[in-house]
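Okay, structure first, notes after.
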Amino acid sequence: GGALEVETSSDTDAKADANGTAVQAAGGGGISIGAAVAINLASMLNEATISSGASVTAVGATVKAVMASTHAFAASATSGSGGGDVGVAGSVAINIVDLTTTARIVGTVSAGTGDVTISAESRSTIDTDALPAESGVSGAGSLGIGASVAIAVMNEATTAALEGTLTGGANLSVAALSANAMTTDAKTGASGGGVSVAPSVAVVISNVTVLAYLAGGGGITVTGNVLVKAEQSSSAVTTAQGDTEGGDASIGIALALNIV
């Protein structure tokens with residue numbers, strides 16, 4: 001017989017956009033409110049497995065859960081208001097992503113003289129932006145409030161494992177790779193003749209697990225080299241900015257928080 005290959009590939013993209021602006025006529029009173037909320041929820045499962053109870057005889061075996069291209073997830077909210085006695089603008093962007101990538105041999109494989117490769121790969125980008133339209137709140141007569149909140153949550157598990165029985169085989173490679181880049185930005189502004197308030201909050205929560213292991217309860221016998229490798233590359237860039245200008249009082253608040 002020939003070689004056995006079990007391969008899955010994944011490319012998952014998801015994006016949410018929201019825009020809300022409100023403008024009062026010049027010299028008008030009343031309240032001007034612009035609000036935008038963008039929520040992006042994404043879940044991806046990519047799994048290649050020789051399952052428990054399966055028995056395979058081949059010249060080598062490859063089990064791979066890999067990428068067709070990099071996963072891309074985005075949430076963007078933009079808001080603004082202008083004029084009126086009171087101006088309010090709020091932007092909320094929330095990005096919640098769950099990624100599971102698994103390559104496993106759980107059953108029994110007789111690989112003869114061929115190589116055995118188990119590989120799991122996950123690559124992703126997550127962009128979350130809560131921004132003002134132009135300067136946010138502008139021209140408010142007595143009170144201007146511009147607020148932005150950007151929250152990004154990443155839950156990722158990437159696993160490559162030999163949990164079954166492997167007999168024969170030359171070289172054995174078990175490798176798991178995860179690469180993730182998160183960019184989160186909360187920015188806002190408020191200006192007016194009286195009191196201006198501009199709070200902005202950007203929060204990132206990243207839970208990433210990368211595992212590569214051997215747990216063959218029935219034993220592992222190969223004649224060549226054995227490589228077991230888990231590799232992780234993660235980055236999180238988080239910014240918050242609140243700009244204000246008011247005749248009586250100006251309050252700008254910014255918080256950027258990474259929990260990794």
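Between the side chain of S148 and the main chain of K187, a donor-acceptor pair closer than 3.5 Å is present. Formation of a donor-acceptor pair under 3.5 Å by the S142 side chain with backbone atoms of D85 is found in this model. A side-chain donor-acceptor contact under 3.5 Å links S91 to the backbone of S79. With T238 contributing its side chain and A202 its backbone, the two residues share no donor-acceptor pair below 3.5 Å. Looking at T62, its side chain never comes within 3.5 Å of a backbone N or O of T117 through a donor-acceptor pair. Put simply, the side chain of S196 gets close to the backbone of E245: a donor and an acceptor are under 3.5 Å apart. In this structure, the side chain of T221 engages the main chain of G168 through a donor-acceptor pair within 3.5 Å. The closest donor-acceptor contact from the side chain of S32 to the backbone of A22 lies under 3.5 Å. Although no hydrogens or angles enter the test, the distance criterion places no donor-acceptor pair under 3.5 Å between the side chain of D248 and the main chain of V195.
With contacts defined as side-chain heavy-atom distances shorter than 4.5 Å, the pair D98/T100 does not qualify. For the pair M154/S124, a side-chain contact is recorded, criterion being any heavy-atom separation below 4.5 Å from C-beta on. Side chains of L214 and L166 form no contact here, defined as non-hydrogen atoms less than 4.5 Å apart. The closest side-chain heavy-atom distance from D185 to L131 is below 4.5 Å. Counting heavy atoms from C-beta on, the side chains of I220 and V226 never come closer than 4.5 Å. Side-chain contact check for R123 versus L177: some heavy-atom pair is nearer than 4.5 Å.
Pairs passing the salt bridge (charged side-chain N to carboxylate O under 4.0 Å, His left out) check and including a residue from residues 49-67, sequence neighbours excluded, read E7-K64.
Atom-to-atom distance recorded for M44:CE and L99:CG is 4.5 Å, nearest 0.5 angstrom. In this structure, the separation between CG on D129 and OG1 on T78 is 8.0 Å, given to the nearest 0.5 Å. Taken from CD1 in I251 to OG1 in T244, the straight-line distance is 8.0 Å, to the nearest 0.5 Å. Here the OG atom belonging to S235 is positioned 7.0 Å from the CG atom belonging to N180, to the nearest 0.5 angstrom.
Under the 3.5 Å distance criterion, with hydrogens and angles disregarded, no donor-acceptor pair is assigned to the side chains of S10 and N46. Side-chain contact check for E121 and S119: no donor-acceptor pair (N or O, by modelled atom type) lies under 3.5 Å.
Clustering ILVMFWY residues whenever any of their side-chain heavy atoms sit less than 4.5 angstrom apart, transitively, puts V92 in a cluster other than the one holding I253. Hydrophobic clustering (side-chain heavy atoms under 4.5 Å, transitive across Ile, Leu, Val, Met, Phe, Trp, Tyr) keeps V208 apart from I96. The hydrophobic cluster containing L211 does not contain V260, counting ILVMFWY residues as joined when their side-chain heavy atoms lie under 4.5 angstrom apart, directly or transitively. No continuous path of ILVMFWY side-chain contacts below 4.5 Å connects L172 to Y213, so the two sit in separate hydrophobic clusters. When hydrophobic clusters are built by joining Ile, Leu, Val, Met, Phe, Trp and Tyr residues whose side-chain heavy atoms come closer than 4.5 Å, directly or via intermediates, V204 is not grouped with V237.
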Checklist entry - Step by step, would you call S234 with Q232 a side chain to side chain donor-acceptor pair (under 3.5 Å)? => result CA-CA 6 Å; S234 298; Q232 177 184 344; 3.2 Å; yes
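Across every non-hydrogen atom of G242 and S200, the tightest pair is N-OG, 3.7 Å. When every heavy atom of P132 is checked against every heavy atom of G189, the shortest pair comes out as CB-N, 4.5 Å. The heavy-atom pair separating A170 from D115 by the smallest distance is CB-OD1, 3.3 Å. G34 and S81 get closest at one heavy-atom pair: N-CB, 4.2 Å. The two residues A198 and A190 make their nearest non-hydrogen contact at CB-N, 4.2 Å. Minimum interatomic distance between F73 and N40 (heavy atoms only, all atoms of both residues): CB-ND2, 3.9 Å.
Using a 4.0 Å cut-off between a side-chain N of Lys or Arg and a carboxylate O of Asp or Glu, K15 and D17 qualify as a salt bridge.
Chaining together hydrophobic side chains whose heavy atoms lie under 4.5 Å apart leaves V66 on its own.
Within a 6.0 Å radius of CD in Q241, other residues, nucleotides and ligands contribute more than 12 heavy atoms.
The residue from I105, V63, V222 that alone fulfils the side-chain contact (heavy atoms from CB on, under 4.5 Å) condition with V116 is I105.
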